Asks: 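One structure, as structure tokens, below. Some questions next.
Predicted, not measured: the structure shown is a model, and the values here were computed from it. Residue numbering restarts at 1 for every chain, and letters A, B, ... go by the order of the sequence lines.
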Amino acid sequence: DVKVTQSSRYLVKRTGEKVFLECVQDMDHENMFWYRQDPGLGLRLIYFSYDVKMKEKGDIPEGYSVSREKKERFSLILESASTNQTSMYLCASNPVRNNEQFFGPGTRLTVL
Amino acid sequence: QKEVEQDPGPLSVPEGAIVSLNCTYSNSAFQYFMWYRQYSRKGPELLMYTYSSGNKEDGRFTAQVDKSSKYISLFIRDSQPSDSATYLCAMSRSNDYKLSFGAGTTVTVRA
């Protein structure tokens, strides 16, 4: 079974802190994605990566950056956390042969 | 206007009822259509995956795609309390791994 793991289930940070969210997948998938999920807005794509050291902006990249140094790991970075970044963050991966995405359990981030 | 529209509900049905969910979309280039199920405090999991127009059945679940109307549906027969979850539609263009999601419909099946 594909497994996508995220470093934390719940996280509480203060405004202005630098926040790292880690995602690891164990199925050798080429593609990885970061979304945020907010009530009434569904899943919105923040960044994605089709290969190591490659990254592309999604629909809402402002205030975020990413890093993909290894194929299995995709990190989301909040350079200076703000209260409007309080959200559920979901990581996903998929192989190049299809576009079925496998999701991690999510990290619920609260910025105070 | 959002690219994918989905009524957020909530939807509450008695056990054994048929649950009907749907999404509309505006981008005629979408070719792949998916339904994800998300239980509370969990990540979404793929439920149904269809390509282009037509029907697909898997046990109690049926997915329908009508590209001419830009409308997709998911039906759940003989609904069970374990079907209580948020259902998200998602779609993508050919040769594009990015998915566009609906807002999700929250379903509660009452025992």
Asks: Same cluster or not: are A:Met54 and A:Val96 linked, directly or through other Ile, Leu, Val, Met, Phe, Trp or Tyr residues, by side-chain heavy atoms under 4.5 angstrom apart?
Replies: yes

Asks: Could you list each N or O donor-acceptor pair linking chain B to chain A at a distance under 3.5 Å?
Replies:
unit_1: B:Lys2; atom_1: NZ; unit_2: A:Gly40; atom_2: O; d: 3.1
unit_1: B:Tyr36; atom_1: OH; unit_2: A:Gln101; atom_2: N; d: 3.1
unit_1: B:Tyr36; atom_1: OH; unit_2: A:Gln101; atom_2: O; d: 3.0
unit_1: B:Gln38; atom_1: OE1; unit_2: A:Gln37; atom_2: NE2; d: 2.8
unit_1: B:Gln38; atom_1: NE2; unit_2: A:Gln37; atom_2: OE1; d: 3.0
unit_1: B:Arg41; atom_1: O; unit_2: A:Arg9; atom_2: NH2; d: 2.5
unit_1: B:Tyr49; atom_1: OH; unit_2: A:Asn99; atom_2: OD1; d: 2.5
unit_1: B:Ser92; atom_1: OG; unit_2: A:Asn99; atom_2: ND2; d: 2.5
unit_1: B:Tyr97; atom_1: O; unit_2: A:Gln101; atom_2: NE2; d: 3.1
unit_1: B:Tyr97; atom_1: OH; unit_2: A:Val96; atom_2: O; d: 2.6

Asks: Going from CZ on B:Phe101 to CG on A:Leu41, what distance comes out if it is rounded to the nearest 0.5 angstrom?
Replies: 14.0 Å

Asks: Would a single hydrophobic cluster contain both B:Leu88 and B:Leu47, if residues Ile, Leu, Val, Met, Phe, Trp and Tyr are joined by side-chain heavy-atom contacts under 4.5 Å?
Replies: no

Asks: Hydrophobic clustering (ILVMFWY, side-chain heavy atoms < 4.5 Å, transitive) - are A:Ile60 and A:Leu21 grouped together?
Replies: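 Yes; A:Ile60 is reachable from A:Leu21 via cluster members.
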
Asks: Identify the heavy atoms of B:Ala103 and A:Gly40 that sit nearest to each other, and give their distance.
Replies: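 That closest heavy-atom pairing would be CB-O, 3.6 Å.
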
Asks: When you group the ILVMFWY residues by side-chain heavy-atom contacts below 4.5 Å and let the links chain together, are B:Ile72 and B:Val107 in the same group?
Replies: yes

Asks: Are B:Val19 and B:Met48 connected, step by step, through hydrophobic side chains (Ile, Leu, Val, Met, Phe, Trp, Tyr) whose heavy atoms are closer than 4.5 Å?
Replies: yes

Asks: If the condition is side chain to side chain contact (heavy atoms under 4.5 Å, CB included), which residues does B:Ser69 pass it with, not counting sequence neighbours?
Replies: B:Asp66, B:Tyr71

Asks: With a 4.5 angstrom heavy-atom cut-off, could you sort out which part of A:Leu45 is near chain B: side chain, backbone, both or neither?
Replies: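 Side chain only.
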
Asks: Could you check whether atom CD1 of A:Ile77 has more than 12 heavy atoms from other residues, nucleotides or ligands sitting under 6.0 Å from it?
Replies: yes

Asks: Using non-hydrogen atoms and a 4.5 Å limit, figure out which bit of B:Pro44 sits close to chain A: side chain, backbone, both or neither.
Replies: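 Contact with chain A is through both the backbone and side chain of B:Pro44.
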
Asks: CZ/A:Phe102 to CG/B:Leu46 distance, rounded to the nearest 0.5 angstrom?
Replies: 7.0 Å

Asks: For B:Leu99, which atoms come within 4.5 Å of any heavy atom of chain A: side chain, backbone, both, or neither?
Replies: both

